[in-house]
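Taking it in order: structure first as structure tokens, then the write-up.
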Amino acid sequence: MQAKQGGVRLDTMFIDEGFGTLDPEALNSAMNTLIDLQDTGRLVGIISHVPELEERIDARLKVTSSKNGSTAAFEIAD
């Protein structure tokens, strides 16, 4: 991707869904790749409704909808 963007380093990446269609092995591979990117100093944001991802992500911005609108809370897992 960087080469196509003129060699510019992408330090922040947001991925919107797409995880729900992955089988467990592919989901694990995708998560490991994203963790590897994070370990190189990049910020990786994932937008998803897949419960297995929530279990593997330590810091998250959780958005909850209600009849009165949505609320957002930042959570850090123990």
Side-chain angles (χ1 to χ4, degrees):
M1 181 184 283
Q2 290 177 341
K4 291 182 180 180
Q5 297 300 319
V8 175
R9 178 180 160 90
L10 299 176
D11 291 322
T12 304
M13 176 186 333
F14 286 92
I15 301 170
D16 187 6
E17 278 298 346
F19 296 98
T21 59
L22 300 177
D23 62 63
E25 184 178 328
L27 179 60
N28 190 50
S29 179
M31 281 302 300
N32 288 337
T33 299
L34 295 174
I35 290 168
D36 289 345
L37 284 171
Q38 181 183 3
D39 288 344
T40 65
R42 291 177 171 93
L43 173 65
V44 178
I46 300 171
I47 302 165
S48 181
H49 298 89
V50 177
E52 293 83 5
L53 289 179
E54 185 175 346
E55 295 170 5
R56 293 187 61 181
I57 298 172
D58 295 335
R60 52 193 170 259
L61 178 64
K62 191 168 189 174
V63 178
T64 307
S65 62
S66 72
K67 63 180 181 177
N68 296 324
S70 298
T71 59
F74 191 68
E75 300 176 348
I76 298 178
D78 295 328

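Keep in mind it's a predicted model, so treat the numbers as computed, not measured. Both backbone and side-chain heavy atoms feed into the values below; hydrogens, waters and symmetry mates do not.
- Residues R56 and N32 meet the side-chain proximity criterion, which asks for heavy atoms closer than 4.5 Å.
- Annotation: side chain of N28 is not in contact with side chain of L22 (no heavy-atom distance under 4.5 Å).
- Between F19 and I46, the shortest heavy-atom contact is CE1-CG2, 3.4 Å.
- Looking at every heavy atom in both residues, R60 comes nearest to E54 through NH1-O, 3.1 Å.
- A distance of 11.5 Å separates CD in E52 from CD1 in I57, rounded to the nearest 0.5 Å.
- Taking CG of L34 as the reference point, atom CE of M13 lies at 7.0 Å (rounded to 0.5 Å).
- Note that the CE atom of M31 and the CD atom of E55 stand 10.5 Å from one another [nearest 0.5 Å].
- Remark: T21 OG1 to L27 CG distance equals 9.5 Å, nearest 0.5 Å.
- Separating the CD1 atom in I15 from the CG atom in L53 is a distance of 10.0 Å, to the nearest 0.5 Å.
- The side-chain contact (heavy atoms from CB on, under 4.5 Å) test applied to D23 returns E25, A26, not counting sequence neighbours.
- Across all non-hydrogen atoms, the minimal contact from F74 to L61 is N-CD1, 4.0 Å.
- Residues passing the side-chain hydrogen bond (donor to acceptor under 3.5 Å, both in side chains) test with T40 are R42, sequence neighbours excluded.
- Looking at residues two or more places apart in sequence or on another chain, you find no side-chain hydrogen bond (donor to acceptor under 3.5 Å, both in side chains) involving D58.
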